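So the structure is just underneath, and the comments pick up after that.
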Amino acid sequence: MFRNRVKHISWFVYESFTRTIGYRQARRAVKCSPNVRLPMVLSLSFPLFGFNKTNLTNNNELELAVNNDELVLEQKLIEADQLFLANKFEDVVQLLGEYKDKNNVQVLWRLSKAEYNMSLDENISKEKKKSLISSAHESIIKALSIDSNISEVHKWAAVLIDAYSNINLGIKEQLLKLETVKFHLQKALELNPKDPFSRYMIGYWSYNLADISWFRRKLGSILLGTEIPTSTYEEALEYFREAESIQPKFYCKNLLMLGKTFLKMDNKFSAEYYLKLVTQYPVKTVEDHQAKIEAEKILKSSFG
């Protein structure tokens, strides 16, 4: 997600409003025309002050229709989450696509997640990848503007802000987005402390910054005119271990990063243990496959 950053986040209202307008128009009519009869004024203002059996029936039918629509959407969200578990991301987009313009936060962050995962497919073109990330980024920024108190929104905002900056912005702009990315990750963790993925992502952020040498950091600061955030392997390791303690073996890449971090800290025994766990991890996604290949390469080069 963060790699190569330095190298190269009602109808009721409508009816009440129109009725109020009608009433105010009637009041103005009385003031402007003293000869206006009282029955005429009452006929204009009646919808505001009373209702009859027909109005009640219509309102009940409208309420039932709204409730039914909400129930249908709720079922689709449940179905979408089941599709995520099966890694059927295109099906999620097809299922929820018709609701994209409804300003529903639960729909928007799921669409962002699905399109981002689709962009990880190694067989798609660069143009398709860019289109998917741009669309996902647009959806998550919209979700963030609607409700900024949902952990998943901040988590996917961090992912998409980073991914979007990598394909659309220069290196300096990418560096400036680093703190924004970390802010959304920390906010996601604050809103849902039991989410292991948020901890993994902050750990990954920390690892990549710790992996920048002093020389490259200094050179980058001089050439780009901006300071590069700092972190340590110890900080990264803490997040990876906390994530694993919350949900063991929840994500192959957390195991991979544990192995890589221990190796950086010259703890080869622990590094080998976690890297071997990655090679034994069941491959279900593109990321699982990539992690397994990387772990095998590290084991071969570092342990023979």
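Note that the structure is a prediction, hence the values are computed from the model and not measured.
- There is no path of hydrophobic side-chain contacts, each under 4.5 Å, that joins V283 to L299.
- For the pair D211/Y233, a side-chain contact is recorded, criterion being any heavy-atom separation below 4.5 Å from C-beta on.
- Electrostatic pairing of D81 and R110 counts as a salt bridge here, judged by a charged N lying under 4.0 Å from a carboxylate O.
- Annotation for S206 and S231: closest pair CB-OG, 3.1 Å, computed over non-hydrogen atoms.
- When all heavy atoms are compared, the tightest approach of D147 to V105 is CB-CG2, 3.8 Å.
- Shown here is E90, whose CD atom has no more than 12 heavy atoms of other residues, nucleotides or ligands within 6.0 Å.
- The aromatic rings of F89 and F84 lie tilted to each other, with the angle between the two planes from 30° to 60°.
- Hydrophobic clustering keeps I146 apart from L191 (ILVMFWY residues linked when any side-chain heavy atoms are closer than 4.5 Å, directly or through intermediates).
- Taking 4.0 Å as the cut-off between side-chain N and carboxylate O, E152 and K155 count as a salt-bridged pair.
- With sequence neighbours left out, the ring-ring contact (aromatic ring centres under 6.0 Å, His included) criterion links F197 to F250, Y251.
- The NZ atom of K126 lies 14.5 Å from the OG atom of S119; values are rounded to the nearest 0.5 Å.
- Between the CD1 atom in I161 and the CZ atom in F183 there is a gap of 9.5 Å [rounded to 0.5 Å].
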For this session: Give the C-alpha distance, both sets of side-chain angles, the deciding distance and a yes or no for side-chain contact (heavy atoms from CB on, under 4.5 Å) between N192 and K194.
Result: CA-CA 6 Å; N192 185 8; K194 294 299 183 180; 4.0 Å; yes
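- Residues Y239 and Y200 place their aromatic rings such that the two centres sit no closer than 6.0 Å.
- Note that OH of Y207 is 5.5 Å distant from OG1 of T261, once rounded to the nearest 0.5 Å.
- The shortest side-chain heavy-atom distance between L132 and Y116 does not fall under the 4.5 Å cut-off.
- Of the inter-residue distances, the one linking L73 atom CG with E70 atom CD reads 8.5 Å to the nearest 0.5 angstrom.
- Within the 4.5 Å cutoff, the side chain of L263 has heavy atoms near those of the I298 side chain.
- Counting only heavy atoms from C-beta outward, the side chains of S135 and K100 approach each other to under 4.5 Å.
- By the 4.5 Å heavy-atom criterion applied to side chains, L255 and E244 are counted as neighbours.
- Heavy atoms only, all atoms of each residue included: L256 and E294 are closest at CD2-OE1, 3.5 Å.
- With rounding to the nearest 0.5 Å, the separation of CD in E115 from OG in S131 is 8.0 Å.
- Transitive grouping of hydrophobic side chains (ILVMFWY, heavy atoms separated by less than 4.5 Å) brings V72 and V107 into a common cluster.
- Between Y164 and N168 the shortest side-chain heavy-atom distance falls below 4.5 Å.
- Under the 4.5 Å side-chain heavy-atom criterion for ILVMFWY residues, no single connected hydrophobic cluster contains both V181 and L169.
- Between D288 and C252 the shortest heavy-atom distance is OD1-SG, 2.9 Å.
- Closest approach of L275 to G259, counting heavy atoms only: CG-CA, 4.0 Å.
- A salt bridge does not link R199 with E238: every distance from a Lys NZ or Arg NE/NH1/NH2 to an Asp or Glu carboxylate oxygen is 4.0 Å or more.
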Problem set entry | From CA spacing to verdict: side-chain hydrogen bond (donor to acceptor under 3.5 Å, both in side chains), K187, S198 | CA-CA 9 Å; K187 189 65 178 178; S198 293; over 6 Å; no
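- Of the possible donor and acceptor atoms, one in the side chain of H154 sits under 3.5 Å from a partner among the backbone N and O of S148.
- Note that CD1 of I133 and CG of N166 are 8.0 Å apart. Values are rounded to the nearest 0.5 Å.
- Here the side chains of W205 and P229 are in contact, with some heavy-atom distance below 4.5 Å.
- Ion pairing between E179 and K182 fails under the 4.0 Å rule for side-chain N and carboxylate O.
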For this session: Could you go through the side-chain hydrogen bond (donor to acceptor under 3.5 Å, both in side chains) check for Y204 and N254 one step at a time?
Result: CA-CA 9 Å; Y204 194 86; N254 195 65; over 6 Å; no
Exercise. When you look at Q174 and S165, which way does the side-chain hydrogen bond (donor to acceptor under 3.5 Å, both in side chains) test go after all the steps?
Worked result: CA-CA 6 Å; Q174 292 176 39; S165 67; 5.3 Å; no
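- Side-chain contact annotation: K113 with S139, donor-acceptor N/O pair under 3.5 Å absent.
- Open room surrounds NZ on K130; 12 or fewer heavy atoms of other groups in view lie less than 6.0 Å from it.
- Few gaps surround NZ on K142; more than 12 heavy atoms of other groups in view lie less than 6.0 Å from it.
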Exercise. Would K177 and E173 count as a salt bridge (Lys or Arg N to Asp or Glu O under 4.0 Å) if you check the C-alpha gap in whole Å, the side-chain angles of each, and the deciding distance to 0.1 Å?
Worked result: CA-CA 6 Å; K177 291 292 184 182; E173 289 76 13; over 6 Å; no
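- Residues Q106 and E74 have side chains that never bring a donor and an acceptor to within less than 3.5 angstrom of each other.
- Judged by the 6.0 Å and 45° rule, K292 forms no cation-pi pair with Y281.
- Cluster membership check: M257 does not share its hydrophobic cluster with I246, using side-chain heavy-atom separations under 4.5 Å among Ile, Leu, Val, Met, Phe, Trp and Tyr.
- Taking every heavy atom of both residues into account, V92 and A80 meet most closely at CG2-O, 3.8 Å.
- E98 has a carboxylate O that lies under 4.0 Å from a charged side-chain N of K76, or vice versa, which qualifies the two as a salt bridge.
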